[in-house]
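Okay, so here's the structure we're looking at.
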Amino acid sequence: MLDISEFRDNDSVIRADHDKRKIPHNKIDKVIQLDEEWRRAVFDQSLARKKRNDAAKLISNAKKAGNSEEMKKLLAEVKDLGTKIEDLDYTANQLIEKRDAIRMTIPNILHNEVPIGDDEKSNTLHSEFGKKPEFSFSPRTHNELLEINKWAELPRAAKITGSRFYFLKGDLARLEMALQSYTVDFMLKKEYTLIHPPTMMNRKAYEGVTDLGDFETVMYGVQPDGYYMIATSEHPLTAMYMDEIIEPSILPIKLVGVSPCFRREVGAHGQSDKGIWRVHQFTKIEQIIISHPDDSWNFHEEMLENCIELWNSLGIHYRVVNICTGDMGTVASRKYDLEAWLPGPGEYKEIVSCSNCTDYQANRLRMRFRTPDGNSSVHTLNSTAVATSRALVAIMEQYQLEDGRVNIPKVLQAYMNGQKIIEPTII
RNA sequence: GCGACAGUCGCAUAGCCUGGUAUUGCGCAGGAUUGCUAAUCCUGUGGGUUUCACCCGCGCGAGUUCAAAUCUCGUCUGUCGCGCCA
């Protein structure tokens with residue numbers, strides 16, 4: 001959520017941003033209008049309350065002085081003030097609720113260097129690492145590899161839950177654990193603090209970290225308690241400090257979260273969704289930084305550097321792209337994606353997303369730090385380190401052998417008791 | 001799940017019985033002063049507005065009242081005890 005002062009003093013910035021995103025200005029106008037109405041209502045409300053407070057003081061004095069005549073007179077004067085104040089309160093509350101309901105849906109201000117364009121085709125290449133692996137045979141898709149090696153049970157998972165769930169089996173399940181351990185150790189060396197968060201969140205906290213539309217399309221609700229399964233550990237880790245005033249001396253807060261992630265994936269279809277690429281549940285290791293606003297752009301680069309070092313160490317060929325205006329979403333101000341080369345389908349596909357959300361989440365969550373001139377919102381940043389299902393797909397496809405088995409990236413072998421190849425599952 | 005107690009500004013506290021201007025300490029920030037690894041003093045330290053002032057704010061919500069941190073009801077969270085349990 002953008003700070004209200006942006007609408008009062010700086011609306012041209014928001015308008016210019018809307019132009020870049022090709023969205024109309026009507027919501028901005030509405031927020032400004034409601035804000036003006038609210039401020040008038042609050043002023044009237046304050047006057048009425050002052051009147052009541054003054055009267056209450058006089059009544060108190062009259063009572064102490066034992067002047068019951070005076071008291072009766074004063075009481076008669078303020079008799080109807082209570083209802084009047086209630087009405088004014090109601091009006092003011094209605095106005096600010098409307099104002100903020102709209103303000104919540106207005107997206108973050110984009111960084112200057114975000115490329116302009118309508119969809120992912122306009123994302124621009126930032127950098128590229130590794131080389132496309134060459135095969136003396138026709139490389140298989142990860143889905144074919146899963147079947148040949150019995151590394152996953154998809155139809156059986158569909159029986160007990162539904163489509164897009166999976167049982168991971170045998171060596172591939174072990175590789176998943178190795179990947180988690182390796183990634184966590186990697187992040188610990190960067191002095192991030194490991195966190196296992198709650199896997200469910202209440203509505204209030206969740207509204208602070210995500211686009212409201214996600215409640216319909218992304219998150220699973222948990223009844224009867226009204227909780228939501230987390231779509232990523234970014235959400236609990238970022239919301240962890242909600243409603244707090246943080247001492248600036250503890251900034252930056254650097255966290256590495258490990259959690260299962262749950263996504264409904266409403267509206268997702270197609271051939272590319274076979275296998276475990278796009279699933280309702282997966283495990284993700286996530287980087288989170290809560291920082292002073294002056295430092296956030298440096299930390300955004302730091303998180304990207306961490307990803308690059310990590311994925312280079314896994315020996316995966318991928319490219320980094322700058323996400324363009326049309327592909328950005330509501331919360332981030334700037335976003336890099338890592339896209340791994342998948343030899344099976346012959347495409348680059350997203351494996352990492354690295355965002356600076358500036359003060360957008362912090363404003364909603366009321367996460368502030370002290371400054372000499374009062375409190376000011378922190379910045380929040382998040383980046384995937386590794387989403388295990390997608391990392392496994394990239395490893396399987398890029399490290400595959402002619403017989404369908406898969407070499408284990410060197411850095412993971414120590415986490416697999418020295419094993420060098422993952423073998424088919426027996427049953 | 002049951003019962004008792006608790007929730008007050010970053011932290012810790014007083015105020016609640018008996019309704020009438022949110023107390024004190026610590027931490028943090030700014031300033032002053034002294035000068036030796038620091039001390040002392042002053043100021044500030046929840047949110048809002050038409051900002052020399054005023055309004056709101058004592059977990060949240062409702063009620064009683066001219067007036068609620070204070071009384072009543074509901075609710076949430078925590079602590080302890082009991083029960084259940086990996």
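So you know, we letter chains A, B, ... as the sequences are listed, proteins then strands, and number each from 1.
Between A:Trp297 and A:His300, the ring planes lie perpendicular to each other; the angle is over 60°, past the 30° to 60° tilted range. Classified by interplanar angle (parallel below 30°, tilted 30° to 60°, perpendicular above 60°), the ring pair A:Phe262/A:Tyr220 is perpendicular.
Side chains of A:Gln398 and A:Tyr318: no donor on one and acceptor on the other come within 3.5 Å. Side-chain contact, A:Asp214 with A:Thr210: a donor N or O sits under 3.5 Å from an acceptor N or O.
For the C1' atoms, the distance from B:U8 to B:G78 is 15 Å, rounded to whole Å. Atom name P, nucleotides B:G20 and B:U33: the rounded distance is 43 Å, in whole Å. Taking atom C1' on both B:U34 and B:G25, the two are 25 Å apart, rounded to the nearest angstrom. On the C1' atoms, B:U40 is 15 Å away from B:C36, given to the nearest whole Å. Across the C1' atoms, B:C17 and B:C2 are found 28 Å apart, a figure rounded to whole Å. The separation of B:G27 from B:U79, taken at their P atoms, amounts to 28 Å, rounded to a whole angstrom. Between B:G30 and B:U75, the distance separating the two P atoms is 48 Å to the nearest Å. Across the P atoms, B:U70 and B:U21 are found 14 Å apart, a figure rounded to whole Å.
At whole-Å resolution of the value, CG in A:Leu88 and C1' in B:U49 are 14 Å apart. As a whole-Å value, the separation of A:Leu95 CG from B:U49 P is 14 Å. To the nearest angstrom, P of B:G27 lies 12 Å from CD of A:Glu247. A:Asp243 places its CG atom 13 Å from the C1' atom of B:G10, with the value rounded to the nearest Å. Here B:U45 presents its C1' atom at 12 Å from CZ of A:Arg368, a figure rounded to the nearest Å. Rounded to an integer number of Å, the gap from A:Arg370 CZ to B:U45 P is 10 Å.
B:U50 has its base stacked against the ring of A:Phe43, the centroids being under 5.5 angstrom apart at an interplanar angle below 30°.
Distances shown here put a side-chain N or O of A:Asn375 below 4.0 Å from the OP1 or OP2 atom of B:G47. Contact annotation: A:Arg8 reaches the phosphate of B:U49 (side-chain N/O to OP1 or OP2, under 4.0 Å).
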Start with the C-alpha gap between A:Phe215 and A:Tyr228, add the side-chain angles, then the distance that decides, and say whether ring-ring contact (aromatic ring centres under 6.0 Å, His included) holds. CA-CA 9 Å; A:Phe215 285 97; A:Tyr228 292 87; 4.9 Å; yes
Verdict with supporting geometry, A:Glu286 and A:Ser233, side chain to side chain donor-acceptor pair (under 3.5 Å): CA-CA 7 Å; A:Glu286 180 87 359; A:Ser233 61; 5.2 Å; no
Run the salt bridge (charged side-chain N to carboxylate O under 4.0 Å, His left out) test on A:Arg370 and A:Glu247 for me, step by step, so that the C-alpha distance in whole Å, both residues' side-chain angles and the decisive distance to 0.1 Å come before the verdict. CA-CA 6 Å; A:Arg370 295 182 184 289; A:Glu247 288 295 342; 3.4 Å; yes
Candidate pair A:Thr330 and A:Ile106, rule side-chain contact (heavy atoms from CB on, under 4.5 Å), full reasoning: CA-CA 7 Å; A:Thr330 310; A:Ile106 291 180; over 6 Å; no
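Within 4.0 Å (heavy atoms only), A:Arg366 reaches no atom of the nucleic acid at all.
Other residues, nucleotides and ligands contribute only 12 or fewer heavy atoms inside 6.0 Å of the NZ atom of A:Lys84.
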Using Watson-Crick and G-U wobble pairs with both distances under 3.5 Å, what is the 5'-to-3' dot-bracket string of RNA chain B, with [ ] for crossing pairs and | for pairs outside the strand? ((((((((.[[[..)....(...]]]((((((.......))))))((((...))))..[[[[[..)....]]]]])))))))....
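A:Arg366 pairs with exactly one of A:Asp243, A:Asp3, A:Asp359 by the salt bridge (charged side-chain N to carboxylate O under 4.0 Å, His left out) rule, that one being A:Asp243. Of the listed residues (A:Arg99, A:Lys98, A:Arg103), just one forms a salt bridge (charged side-chain N to carboxylate O under 4.0 Å, His left out) with A:Asp35, and that residue is A:Arg99.
For the pair A:Phe165/A:Arg156, no side-chain contact is recorded, criterion being any heavy-atom separation below 4.5 Å from C-beta on.
Near RNA chain B, defined here as any heavy-atom distance below 4.0 Å, the residues from residues 33-41 of chain A are A:Trp38, A:Arg39, listed numerically.
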Letter by letter from the 5' end, nucleotides 54-77 of chain B scores (B base, S sugar-phosphate only, - none; protein heavy atoms under 4.0 Å) SSS---------BS----------
